[in-house]
Amino acid sequence: MMNRRHFLKSTAMAGTAAMMLRGRAWPFAQSPTNLRKFVTSLPGLGPSGKNEIGQYIPLATKKTINFAGQATDAYNLAVATYSERMHPHLPGKSDFLGYFDLSTYDQKYLGGVIVATKGRPVLLSVANKVANRAIIPVDPTVMAGPNGQTVGDLPLNRIVTHLHGGLTPWFSDGTPFQWYTPNGLTGASFMNVPGTTPPPGTATYYYPNQQSARLVWYHDHAIGITRTNAYVGIASAFIITDDFEAGLVTNGLLPDLVGIPLVIQDKGFVATNIGKQDPTWKWGNPGDLWYPHVYEANILTGGIPNPKGRWDWGPTASPQATGTMPLPTPACDIPEAFFDTPLINGGIYPKVSVPPKRVRFRMLNGSQARFFNLSLYPESIFKPGEANVGVAGPTMYQFGTEGGFLPAVAVHDNTTPLTPDSNYCEDPHGPFNVMLAPAERADLVIDFNGVRAGTSFILYNDAVAPFPCGDSRNDYYTGDPDQTAIGGAPTTKQGYGPNTRTLMEITVTSGTGDSLSTASWRSQMNAALASNYGASQPALLYNNGSPWQPGLLPYTGPVNRQLTLNEDFDEYGRLIQTIGTFTSESTNNQGLPTWGLGYMATATETPSACAVEVWQIMNLTGDVHPMHFHLVNVQLIQRQAFSGDPSSYTLGAVTPPDANEVGWKETVRVNPGEIATVIMQFTLPTLPASMGNPLSPRTGGHEYVWHCHILEHEEHDMMRPLVVY
């Protein structure tokens, strides 16, 4: 079987049609089937947001200090193991790793939310209190350093904090080699904030917050174990507010400053029959997290098809990958991880009540690999807990992304469902409702004005997994086929999980609606958003003369860098994803051309400070890759179809950004068979003079990275250095 990259290249095809032979991926142990939906409320912020089983998201405790001559908000956190009850019907508490406040020791899922203000620095201290043991499988063969160093050569309790979306100095960015252990062992790029002297096992981070209002988040980024550390809970939210946003609240255009956060993820939980489902499982107990640990090949040795196979394998690919070693145990360095149980703020199938007015939600896709195309449908009267798909619910009005406020409101009216074709593929161009790839965010209001009290709606997802060409075994819904014989789940019963379509129930209460009509609100909001560009929000770099309007398409200007997204087989025959350049061609272990470079290869993206650059990123794989940029926000200019590869290709149709992609982004979806063109400026944050201008001891510059935010791709090995000089 051809791997996905070669299939695309050899047939000179682009778009969805080129993905029909991509390797399949699905979990092979399912969560308990008795988890009833919508029995516990959405965990909210702080103790006042506690639900029926005690879940809420703790806020970090702020202390005001003078640091480096400036008034600064200081937070003291730690990371450690804890247990939490996640659902009344899970067989036990679930073990996690996570952030918690050292002044309260309030250990809960997603704990440590920070609310910051533009222009006011934050000094964060994080103590590593993690035991040197794994609570889910960890693959010892994953690359973790130079000269063949792997995860198995290093302690398991390494952590580092990355402020995802933050404009941070390199020494506080939390890049992969800035890890540290409880006893003070550190990675090659580790550096504390100049002027701080924390004890061994503690790291300090300086966030100037020189950026406009937005939802960012912070999570682990340690080399080789990012995907597992993030999966077990080392993540939380960081909200930046500014005067423009406060003015929207004062003028009645936003209902509040923070809104209702919705951190959307998917997880798998160990069932009581785990010994039957997964006989080699030896980690957590029933109720704990489950993670894949066997590389299940589509075709076994001798060319035997495997009905429970998940991924292409080099030794049985066509052409065959030569010189590969036997698969390791555990082999959890898998292409993607998709799970069967949705969590929002840690709540499993939560419910929430809202007033009959415009309600603000801040959405974040915090999953490993799953995409979410979110719509709102009425809850069925005849089948409680199910969505009346096709009947539009209240409209969603999006005004922000991970890059801050948009230049205009994007309207999502719940009338654009995604439907897979006979190959279980969906169009990567949409049209979408609210599409969120891993790490993407949406700041929006849902208009419940005029809705009768007691009416309920279902937040519904219909994106396949992987996206855009999925596998039915990753799609869990009521009445789905029994797929246990081929590695899937039994049929889902009404009102229960596993279900990756019906995520949350929203019920409207009684009350008074908004005094400002939605039409007037939208008009005033659009005027305010446009005026924000060139003010609190930077002007678009590629514009038509107005700071908030994009330039003409197709783009015909200069291009500074041409990059590739690639897929091959590694030394064990596992699928591996990489980033390369148009000039980095080599030959892979199948004897085929590839352009991929490993993370440890010499840096090729080395811009000068303050430089403006245009990048073109060619996707040679069958997946949509959400490419995340550290340090910078980017403007997506266009997507353009191509046929061929960097050695010879022809260009096709140009697609403009979606309405909710027109502003600034730091995570951009790059579609199969297309070239995404982005523009950015490499502006470093301004630091207090006392900090000087320290450079990375490992790279000699301001060390950042850019990578795919499908975490299994990022780790193996779709990440490259971004070093600013």
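Between the side chain of Asn128 and the main chain of Asn157, a donor-acceptor pair closer than 3.5 Å is present. Remark: the backbone N or O of Asn388 is not paired with any side-chain donor or acceptor of Ser380 at under 3.5 angstrom. At least one donor-acceptor pair under 3.5 Å links the side chain of Asn229 to the backbone N or O of Arg158. Panel note: side chain Gln368, backbone Ala337; no donor-acceptor pair is recorded below 3.5 Å. Within the 3.5 Å criterion, the main-chain N or O of Leu436 finds a donor-acceptor partner in the side chain of Asn365.
Taking the six-membered ring for Trp and the full ring otherwise, the centers of His625 and His707 sit at least 6.0 Å from each other. Ring centroids of Tyr99 and Tyr218 are separated by less than 6.0 Å, placing the two rings close together. Checked against a 6.0 Å centroid threshold, the rings of Tyr460 and Tyr477 do not count as neighbours. Between Trp311 and Trp313, the distance from one ring center to the other does not fall under 6.0 angstrom. Ring centroids of Phe100 and Tyr82 are separated by 6.0 Å or more, keeping the two rings apart. Aromatic rings of His221 and Trp179 (six-membered ring for Trp) have centroids beyond the 6.0 Å cut-off, not under it.
Ser41 pairs with exactly one of Gln55, Lys351, Glu52 by the side-chain hydrogen bond (donor to acceptor under 3.5 Å, both in side chains) rule, that one being Glu52.
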Checking Asp475 against Arg501 for the salt bridge (Lys or Arg N to Asp or Glu O under 4.0 Å) test, could you report, in this order, the C-alpha distance in whole Å, the side-chain angles of both residues, the deciding distance, and whether it holds? CA-CA 8 Å; Asp475 187 7; Arg501 294 192 183 184; 2.7 Å; yes
Show your reasoning for whether side chain to side chain donor-acceptor pair (under 3.5 Å) applies to Ser456 and Glu379. CA-CA 6 Å; Ser456 57; Glu379 184 171 5; 2.6 Å; yes
What do the steps show when you test Arg669 against Met627 for side chain to side chain contact (heavy atoms under 4.5 Å, CB included), and what is the final call? CA-CA 6 Å; Arg669 300 190 304 272; Met627 301 306 296; over 6 Å; no
Pair Glu386-Lys37, salt bridge (Lys or Arg N to Asp or Glu O under 4.0 Å): steps then yes or no: CA-CA 10 Å; Glu386 305 305 323; Lys37 299 187 299 185; 3.1 Å; yes
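The closest side-chain heavy-atom distance from Tyr572 to Pro328 is below 4.5 Å. At a threshold of 4.5 Å between non-hydrogen side-chain atoms, the residues Ile260 and Arg362 do not count as touching. Looking at Leu42 and Asn51, their side chains never come closer than 4.5 Å, going by heavy atoms from C-beta outward.
Heavy atoms of other residues, nucleotides or ligands lying less than 6.0 angstrom from NZ of Lys50 number 12 at most.
Considering all non-hydrogen atoms of both residues, Gly287 and Pro91 come closest at N-CG, 3.5 Å.
In this structure, Asp340 does not pair ionically with Arg370, as no charged nitrogen and carboxylate oxygen lie closer than 4.0 Å.
Relative to the six-membered ring of Tyr496, Arg36 meets both conditions, a distance below 6.0 Å and an angle of at most 45° to the axis.
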